[in-house]
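Order of the sequence lines sets the chain letters (A, B, ...), proteins ahead of strands, with each chain counted from 1.
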Number of protein chains: 2
Amino acid sequence: MRYQKVPDETIRRLPRYLRALLFLQQRKTESISSQKLAEYVQLNSAVIRKDLSHFGAFGKRGTGYNVSLLSKTIRDILKLNKPQKTVLVGAGRLGTAIASFPGFKRYGFDITAIYDNSKAKIGGKIGDTTIKSTSRLADIRRSEIKMAIIATPPDAAQETADILVENGVTGILNLSSCYLKVPKRVKVRTIDLAMELSMLPYYS
Amino acid sequence: MRYQKVPDETIRRLPRYLRALLFLQQRKTESISSQKLAEYVQLNSAVIRKDLSHFGAFGKRGTGYNVSLLSKTIRDILKLNKPQKTVLVGAGRLGTAIASFPGFKRYGFDITAIYDNSKAKIGGKIGDTTIKSTSRLADIRRSEIKMAIIATPPDAAQETADILVENGVTGILNLSSCYLKVPKRVKVRTIDLAMELSMLPYYS
DNA sequence: TTGTGATTGTGTTCACATTCACAATTAACA
DNA sequence: TGTTAATTGTGAATGTGAACACAATCACAA
Ligand SMILES: NC(=O)c1ccc[n+]([C@@H]2O[C@H](COP(=O)([O-])OP(=O)(O)OC[C@H]3O[C@@H](n4cnc5c(N)ncnc54)[C@H](O)[C@@H]3O)[C@@H](O)[C@H]2O)c1
Ligand SMILES: NC(=O)c1ccc[n+]([C@@H]2O[C@H](COP(=O)([O-])OP(=O)(O)OC[C@H]3O[C@@H](n4cnc5c(N)ncnc54)[C@H](O)[C@@H]3O)[C@@H](O)[C@H]2O)c1
C-alpha cells in the first residue's frame with residue numbers, strides 16, 4: 001500500500017466509518033449506501049466514496065457496500081485486525097479513566113501495560129493490569145507494543161516519549177498539554193481537552 | 001466581528017497560541033517573534049502571522065509580538081476573559097477526571113454544575129461541586145451557563161444535548177462516541193479518544 | 001539623520017480537499 | 001431478455017488553506 005497517495009484526512013475518517021459499521025453490524029444490517037452511511041457520520045456521501053476508492057472498489061453499484069466486508073476491509077487498512085498491544089503511561093485521573101474503559105477493545109486495542117512514577121500507584125491494579133514503575137519502561141522493548149498513550153503531566157511527556165520511541169513505539173496518543181518532538185517515522189496525535197473546549201465560546 | 005471571514009482553522013489554532021503565551025508569561029518573556037512562537041506550537045511562522053492578521057495588526061515589525069498584549073487579545077477573541085460557566089453531564093470515569101482537573105480554570109472555564117442520572121452518584125461531590133440529578137438539568141436555564149461537556153454513554157448523548165440546547169447552551173464538547181444533531185447556531189466539538197487512537201497503527 | 005538587521009503583514013502561488021455531476025454498472029422484475 | 005431504478009467510482013470544477021517571498025516598518029546605533 002502506498003501511504004503517500006492516501007490523504008491524511010482520509011485516514012482520519014476511516015475510524016469514523018468503522019464505528020458506524022460496527023454499529024450497523026450489531027443491527028444485522030447487511031449493506032449500506034454511501035448516502036446512508038454519510039448521514040451516520042455527518043459527511044457528504046462523495047467524500048466517503050472517494051475515501052474508499054483509494055483502496056479499491058468494494059461497493060456494488062445499485063446496492064451499496066457490504067457492511068461486514070467493508071468493516072473488515074477498513075480494519076485491515078488501519079491494521080486493527082490483530083490486537084494492537086498498547087502501553088499507557090501516567091495512571092492519574094485521565095489515565096485511569098482510559099485504562100478502565102472497555103471500548104478500546106472493540107477497535108482492537110489492548111492496554112497490556114501501565115506505567116507510573118508515583119510510589120503510591122506502583123503495584124496497584126487497574127482491572128487486571130498491574131501498574132509498573134517508569135524506571136522499567138524500557139521493558140516494553142521485549143513486548144510487541146507499538147502503540148502508546150501518554151497521560152502524564154506535561155513536563156514528563158517529552159522524556160516519556162523519548163523512552164517509548166527508543167523502545168519500539170511508532171504511534172502515540174498524547175493527552176498531555178504539550179507538543180512532542182519525535183522522529184518522522186513516529187506518528188503522534190496530541191489531544192488537549194482544554195484546547196478543544198477553548199474554541200467553543202468564540203462561536204457563541 | 002465578522003465570524004464568516006475568519007477561517008475555522010484559525011480559530012482552532014488560537015488556543016494553541018494562547019497556551020504557549022501563558023507559558024511564556026510565566027517565564028516573564030516580554031515579546032516573541034512569530035518564528036519563535038512557531039517552534040513552540042509546531043507550525044509555520046507564516047500561518048501564525050496570517051492567523052493573527054485576521055484580527056488586526058498588533059505585532060511590531062523588527063521586534064515581534066508583545067506577549068501579554070497578544071495573550072489578552074486572543075482571550076478577548078475567544079471570549080475567555082470572563083469566566084465561562086460550564087456544565088458537565090455524566091460523572092463517570094471520564095467526567096470525574098475532567099471535573100477534578102484544575103487546568104480548565106487557566107483558560108477561563110469554570111465547571112459550576114455537574115449532572116448524572118445514577119442514584120449512586122447524585123448528591124456526591126467532585127471537589128466543591130455537588131452532583132445533581134439530570135431530571136433537574138433544565139435548571140441551567142437560570143444560570144449563565146453557555147458551555148457544556150457531555151461525558152455520558154453514547155445512547156444518552158443526544159437527549160442530553162437536546163435539553164442543554166433548549167436551555168441556553170451554545171457550545172458542546174462531546175466526548176461520547178456518537179455524533180449530535182443540533183441547530184446551526186450551536187457549535188459542537190466531538191472527540192472520541194478511541195477514534196483518535198485508531199488512526200495511529202496505519203502509519204506504523 | 002541615515003544605515004542596518006530583524007520581523008511583520010500580505011499579495012501571490014501552490015497544494016490539497018471537497019463537491020458536483022454523470023457514465024458505468026448492478027439488481028430486480030416484468 | 002429488456003427496462004427501470006438505484007448507486008458506485010471518478011474526472012472536472014470549485015473552494016480553502018498553507019507556503020512563499022518580499023515590501024513596509026521598526027528599533028537602535030553610529
Ligand atoms: N484530566 C483532564 O481532564 C485533562 C484535561 C486536559 C488535559 N489533561 C492533561 O492530561 C494529563 C494527565 O492529566 P490528569 O488529570 O490525569 O493528571 P493527574 O495528575 O491525575 O495524573 C498524572 C499521572 O502521571 C503520573 N506521573 C507523573 N510524572 C510521571 C512520569 N515522569 N512518568 C510516569 N508517570 C508520571 C502521576 O503519578 C499521575 O498518576 C496532564 O498532562 C494534563 O495536563 C487532563
Ligand atoms: N473513558 C474513556 O477512556 C473513553 C474513551 C473514549 C470514549 N469514551 C466515551 O466517553 C463517555 C463516558 O465514558 P466513561 O468511561 O466516563 O463512562 P462511564 O460509564 O464511566 O460514565 C458514564 C456516566 O454517565 C452517567 N449517565 C448514564 N446515563 C446518563 C444520562 N442519561 N444522563 C446523565 N448521566 C448519565 C452514568 O451514571 C455514568 O456516571 C462514553 O460515551 C464513552 O463511550 C470514554
Side-chain angles (χ1 to χ4, degrees), chain A residues 1-17 20-21 24 29-71 73-74 77 179 184 199 202-203, chain B residues 2-17 20-21 24 29-71 73-74 77 179 199 202-203:
Chain A
M1 222 162 315
R2 295 188 305 290
Y3 300 146
Q4 286 78 351
K5 293 273 295 183
V6 182
D8 259 23
E9 290 301 310
T10 292
I11 301 305
R12 183 169 306 180
R13 282 187 293 261
L14 290 182
R16 293 168 67 160
Y17 305 154
L21 291 165
L24 289 164
T29 312
E30 285 191 359
S31 79
I32 181 131
S33 68
S34 60
Q35 190 59 245
K36 273 288 186 68
L37 186 55
E39 282 169 35
Y40 277 101
V41 298
Q42 300 194 357
L43 288 171
N44 180 306
S45 65
V47 173
I48 297 180
R49 293 199 300 278
K50 185 148 281 184
D51 280 348
L52 298 178
S53 75
H54 284 110
F55 305 98
F58 18 77
K60 278 219 167 65
R61 295 176 191 226
T63 316
Y65 299 87
N66 178 291
V67 172
S68 57
L69 171 64
L70 187 54
S71 146
T73 306
I74 293 180
I77 296 167
Y179 292 100
K184 277 188 302 294
M199 295 176 30
Y202 173 82
Y203 297 93
Chain B
R2 294 187 307 289
Y3 300 145
Q4 286 79 350
K5 293 275 293 182
V6 181
D8 259 23
E9 291 300 311
T10 294
I11 301 305
R12 183 169 307 179
R13 282 187 293 263
L14 290 181
R16 294 168 65 162
Y17 304 154
L21 291 165
L24 289 165
T29 312
E30 286 191 359
S31 81
I32 181 129
S33 68
S34 61
Q35 190 61 245
K36 273 288 186 67
L37 186 55
E39 283 170 34
Y40 278 101
V41 298
Q42 298 194 358
L43 288 171
N44 181 305
S45 65
V47 172
I48 297 181
R49 293 200 299 278
K50 186 149 281 184
D51 280 348
L52 297 178
S53 76
H54 284 111
F55 305 97
F58 19 78
K60 277 219 169 65
R61 295 174 193 227
T63 316
Y65 299 88
N66 177 290
V67 172
S68 55
L69 171 64
L70 187 54
S71 146
T73 306
I74 293 180
I77 295 167
Y179 293 100
M199 295 178 28
Y202 173 82
Y203 297 94

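- Rounded to an integer number of Å, the gap from B:Leu52 CG to D:dG17 P is 16 Å.
- One distance of note links CD1 of B:Ile11 with OH of A:Tyr203; it measures 5.0 Å at 0.5 Å rounding.
- As rounded to whole Å, 14 Å separates atom P of D:dT8 from atom CG of A:Leu69.
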With a 3.5 Å cut-off and sequence neighbours excluded, list the donor-acceptor pairs that the side chains of residues 39-47 of chain B form with protein atoms.
{"residue": "B:Gln42", "atom": "NE2", "partner": "A:Leu180", "partner atom": "O", "Å": "3.0"}
{"residue": "B:Asn44", "atom": "OD1", "partner": "B:Ala46", "partner atom": "N", "Å": "2.7"}
{"residue": "B:Ser45", "atom": "OG", "partner": "B:Arg49", "partner atom": "NH1", "Å": "3.3"}

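- Picking from D:dT8, C:dG9, D:dG9 the nucleotide with the shortest atom distance to the side chain of A:Ser33 gives D:dT8.
- In this structure, OH on A:Tyr202 lies 8.0 Å from CD1 on B:Ile77, to the nearest 0.5 angstrom.
- Using a 4.0 Å heavy-atom distance criterion, B:Ser34 is classed as a sugar-phosphate-only contact.
- Distance, B:Gln35 CD to D:dA19 C1': 13 Å, rounded to whole Å.
- Atom-to-atom, CD1 of A:Ile48 to C1' of D:dT8 comes out at 12 Å; the value is rounded to the nearest Å.
- Separating the CD1 atom in A:Ile48 from the CZ atom in A:Arg16 is a distance of 9.0 Å, to the nearest 0.5 Å.
- Judged by atom type and distance alone, B:Arg61 does not reach the base of D:dT25 through any side-chain donor-acceptor pair under 3.5 Å.
- A:Asp8 contributes atom CG, which lies 6.5 Å from atom CE of B:Met199 (distance to the nearest 0.5 angstrom).
- Distance check: A:Leu24 CG to A:Ser68 OG gives 11.0 Å after rounding to the nearest 0.5 Å.
- Across all strands, A:Thr10 comes closer than 4.0 Å to no nucleic acid atom at all (heavy-atom distances).
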What one-letter contact string describes nucleotides 11-20 of chain C from 5' to 3', where B marks a base within less than 4.0 Å of any protein heavy atom, S marks contact via sugar-phosphate atoms alone, and - marks no contact? BB----SSBS
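- Applying the 4.0 Å criterion to OP1 and OP2 of C:dA27, one finds that A:Thr63 has every side-chain N and O outside that range.
- Remark: B:Tyr65 is in phosphate contact with C:dG9, judged by side-chain N or O atoms under 4.0 Å from OP1 or OP2.
- Here D:dT8 presents its C1' atom at 13 Å from CG of A:Leu37, a figure rounded to the nearest Å.
- Rounding to the nearest 0.5 Å places CG of A:Leu69 at 4.0 Å from OG1 of A:Thr73.
- Rounded to whole angstrom, the span from the NE2 atom of B:His54 across to the C1' atom of C:dT8 amounts to 15 Å.
- B:Arg12 has its CZ atom 10 Å from the P atom of D:dG17, to the nearest Å.
- At whole-Å resolution of the value, CZ in B:Phe55 and P in C:dG9 are 13 Å apart.
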